[in-house]
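Following: one structure in structure tokens, then a few remarks.
Start at 1 with the first residue, then count along the sequence. One-based numbering, in listed order, for ligands and for the atoms of each.
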Amino acid sequence: MSSTELGPLDPKERECQKAGFELIARTLASARTIAICAHTSPDGDALGSQLAMVELVETLWPDAEVSALLADEQPAPHIYSFLPGFDRLMQPSTYDKDPDVFVALDLSDPRRLNKARTICERAGKVVVIDHHPPAEGFGDAKVVRTEAAAVGVIAAEFALYLGAELTPTMSQNLMCAIVTDTGRFQYQNANGEAFQVASLLVDHGASPSEISLNVYESFGLAFLHLKSLVLGRITTFEHGRIAYSYATQSDFDRTGANLDECDGLIDAVRSVEGSEVALFLKAVPGGKVRGNLRSKGPVDVSSVACSLGGGGHKAAAGFTFEGSVDEALVSVLPALRAILHEDENGDTEGIQ
Ligand code: 5GP
Ligand code: MN
């Protein structure tokens, strides 16, 4: 298979993606000002896809003014500062234009644009590239494929579709997107397409070892001390099928750990032998709690996240809860127990 043939295996999906790419390219070609933005609390897929798209769009349409917008006023997590172009990321309050085109990456719900949402609303056209279950009516030109392991996969295929050169910097950003969203190629979403695109990116200069060093092997002591507290209080119930843990404000105060360093703690919780569903809660400013949910099997955790005003994928979802960690546990744990049993009932019906 030649590199330009990468993409979804299903011929219908392939055609649909091509049509989406064509419309996105035409939309971008007609723009003079383009703002490219990903979701609030950006992760490796959000930032990697965003920075790669900024480079791609600037290369292909050099007359356009391209801005790399953050959804939040806070700086992006420091662990991603090695990504090429990281210094270009700008706070939404510093952007005062009405862009001709706003490109939204790695989100299906405009609320996930946080402070950049008003900029999106002021834009002439909205382009969406995403892999979450789609929301009706968001985006004038889009490619949304839920089986794509990362937006980075789709962005790489967009570059190939346009016949653009995959530069080493673009490849590194896209590789970071894929490595992080597949949990280093270990989650259920790590499909053949993800490996194929990753292989191509490495051939074009991406460095998996640099990504690993920065994202997974450069933790401060404060974070490791927090992690030891979180590990020490992992609890299981429902015969070990549900595992959870949490970090409170006093844990952060005691250890001095940074909130934005905590993305990987859910992976420690999900590593419990025999667990099918994992929950990690952390206290965040404003009397709120951020929740990460993961499923290692068929259970769909996105329904619980949605019922709490959040969202995500079947196997990885998140939400923000107004209240304390204790209050969040009281709401979320019964909901997790219920979906475990719903799934069992569903299975029994399916067997008839
Ligand atoms: P994480 O738990 O790593 O923050 O997120 C897991 C997945 O769920 C990601 O795909 C992320 O985009 C999505 N997600 C996390 N939090 C929210 C949320 O509050 N709302 C929505 N719609 N999606 C979320
Ligand atoms: Mn993603």
Strictly under 2.8 Å, is the Mn ion (ligand 2) approached by any N, O or S atom of [X]?
X	result
Asp106	yes
His132	no
Asp130	no

Tyr80 and side-chain contact (heavy atoms from CB on, under 4.5 Å): which single residue from Thr180, Asn173, Asn214 fits?
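Single side-chain contact (heavy atoms from CB on, under 4.5 Å) partner of Tyr80 among Thr180, Asn173, Asn214: Thr180.
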
Within 6.0 angstrom of Arg122 CZ, more than 12 heavy atoms from elsewhere: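 It does: Arg122 CZ has more than 12 such atoms within range.
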
Please answer whether the main-chain N or O of Gln91 pairs with a side-chain N or O of Glu73 as donor and acceptor at a distance below 3.5 Å.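 No; zero donor-acceptor contacts below 3.5 Å.
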
Query - Side-chain donor or acceptor of Asn189 paired with backbone N/O of Ala150 under 3.5 Å - result: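 Checked: no pair found.
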
**OP:** May I ask you to check whether Phe195 and Phe185 place their ring centres under 6.0 Å from each other?
**Re:**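 Aromatic pair counts; centres sit under 6.0 Å.
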
| Of all heavy-atom pairs between Ser324 and Val289, which one has the smallest distance, and what is that distance? |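 Minimum heavy-atom contact is C-CG2, 3.5 Å.
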
- Task: Classify the side-chain pair Asp267/Tyr187 by whether it contains a donor and acceptor separated by less than 3.5 Å.
- Result: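 Yes, Tyr187 and Asp267 have a side-chain donor paired with an acceptor closer than 3.5 Å.
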
Query raised in the report: Can you tell me if Ser250 and Asp253 form a side-chain donor-acceptor pair at under 3.5 Å?
Result: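 Asp253 and Ser250 do not have a side-chain donor-acceptor pair below 3.5 Å.
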
Exercise for review: Determine whether Lys314 and Ser295 make a side-chain contact, defined as any pair of heavy atoms from C-beta on separated by less than 4.5 Å.
Suggested key: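 Contact flag for Lys314/Ser295 side chains = no.
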
### Message
Below a 4.0 angstrom heavy-atom separation, can you tell me which part of Arg294, side chain or backbone, both or neither, approaches ligand 1?
### Response
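Within the 4.0 Å criterion, Arg294 contacts ligand 1 through side-chain atoms alone.
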
Below 4.0 Å, non-hydrogen atoms only: which portion of Arg111 touches ligand 1? Side chain, backbone, both or neither.
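Near ligand 1, Arg111 shows nothing, with every heavy atom at 4.0 Å or more.
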
For [X], take its heavy atoms, then give the atoms of ligand 1 lying under 4.0 Å from any of them.
X	answer
Gly312	8 (O), 13 (C), 23 (N)
Arg290	4 (O), 15 (C), 16 (N), 19 (O)
Asn292	1 (P), 2 (O), 4 (O)
His132	9 (C), 10 (O), 11 (C), 12 (O)
His313	10 (O)
Ala316	6 (C), 7 (C), 8 (O)

Review point. The Mn ion (ligand 2) as vertex, arms to OD2 of Asp45 and OD2 of Asp181: angle to 10°?
Key: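 For OD2 of Asp45 and OD2 of Asp181, the angle centred on the Mn ion (ligand 2) reads 80°.
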
ask   = Hey, is ligand 1 close enough to Arg112 that some N/O pair sits below 3.5 Å?
value = yes

Considering both backbone and side-chain atoms of Gly311, is one of its nitrogen or oxygen atoms within less than 3.5 Å of a nitrogen or oxygen in ligand 1?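 N/O-N/O distance under 3.5 Å: yes.
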
Tabulate below the donor-acceptor pairs under 3.5 Å that side-chain atoms of residues 103-113 make, not counting sequence neighbours, or state none.
from	atom 1	to	atom 2	distance (Å)
Asp106	OD1	His131	NE2	3.1
Asp106	OD2	His39	NE2	3.0
Ser108	OG	Pro133	O	3.3
Asp109	OD1	Arg111	N	2.9
Asp109	OD1	Arg111	NE	3.3
Asp109	OD2	Arg111	NE	3.1
Asp109	OD2	Arg111	NH2	2.7

Among the N/O/S atoms of His131, the Mn ion (ligand 2) lies closest to NE2

